[in-house]
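Structure first, then comments.
Start at 1 with the first residue, then count along the sequence.
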Amino acid sequence: MTDPKRIVDDAIDGAGDDEDSALEELVAGVVMGLIFLVGFGLLALGVSWFWIVFPVGFAGVLPAAIALVRIYESRRGGDADESLTTETEDALETLRRRYATGELSEEEFEAKVERLLETETVADARKTAESRRTTREDEATEYERS
């Protein structure tokens with residue numbers, strides 16, 4: 001199913017129809033190619049009703065194919081959002097547990113929660129922590145030199 005929030009956001013921003021994914025473009029190209037192939041194939045065979053293929057194809061088959069691709073992508077994207085939410089919830093639960101057991105002070109807890117919420121995934125949090133660690137090591141090296 002399509003996310004209702006996405007529909008409202010797309011209606012407000014007008015971005016819904018402007019951004020086609022690579023899969024949508026591929027499916028649209030293949031479907032249009034088949035429509036032309038069937039329509040002109042029937043014309044070449046001398047079928048008098050060949051022209052019916054074009055309105056049926058472009059008004060019915062093409063929009064249906066695009067809709068199926070969008071449904072497929074929204075379901076596939078929904079799974080990714082769900083796993084992202086689960087990772088974030090797991091990390092927050094770990095922080096809460098460490099705070100409750102006294103491993104973290106209130107300031108440390110708040111700083112870690114803020115840092116976690118700044119990043120989109122746990123992998124992003126690890127990259128951010130690694131870059132901060134590298135920055136600290138560089139600062140320590142510069143301090144030792146002076």
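Around CZ of F54, the count of heavy atoms belonging to other residues, nucleotides or ligands within 6.0 Å exceeds 12.
With sequence neighbours excluded, no residue satisfies ring-ring contact (aromatic ring centres under 6.0 Å, His included) with F50. Residues passing the side chain to side chain contact (heavy atoms under 4.5 Å, CB included) test with E110 are E106, sequence neighbours excluded. Residues meeting the ring-ring contact (aromatic ring centres under 6.0 Å, His included) test with F109, sequence neighbours left out: Y99. With sequence neighbours left out, the side chain to side chain contact (heavy atoms under 4.5 Å, CB included) criterion links V69 to L23, E24, V27, E73. Residues meeting the side chain to side chain contact (heavy atoms under 4.5 Å, CB included) test with V56, sequence neighbours left out: I52. With sequence neighbours excluded, the residues satisfying salt bridge (charged side-chain N to carboxylate O under 4.0 Å, His left out) with E93 are R96.
Taking hydrophobic clusters as Ile, Leu, Val, Met, Phe, Trp and Tyr residues chained together by side-chain heavy-atom distances below 4.5 Å, V31 does not share a cluster with I71. A single hydrophobic cluster is seen to contain both V61 and F36, as judged by linkage of ILVMFWY side chains at heavy-atom distances under 4.5 Å, directly or through other members. Hydrophobic clustering, with ILVMFWY side chains joined whenever heavy atoms are under 4.5 angstrom apart, keeps L68 apart from M32.
P55 and W51 make their closest contact through CD-O, 2.8 Å (heavy atoms, listed as atom of the first residue, atom of the second, distance). Taking every heavy atom of both residues into account, A28 and I66 meet most closely at CB-CD1, 3.8 Å. V53 approaches G39 most closely through the heavy-atom pair CG1-N, 3.8 Å. Across all their heavy atoms, G57 and P63 have their closest contact at O-CD, 4.4 Å.
Looking at heavy atoms from C-beta onward, W49 lies in side-chain contact with L42 at the 4.5 angstrom threshold. Proximity of T94 to K112: side-chain heavy atoms (C-beta onward) are nowhere separated by under 4.5 Å. In this structure, the side chains of E108 and R98 stay at 4.5 Å or more apart for every pair of heavy atoms.
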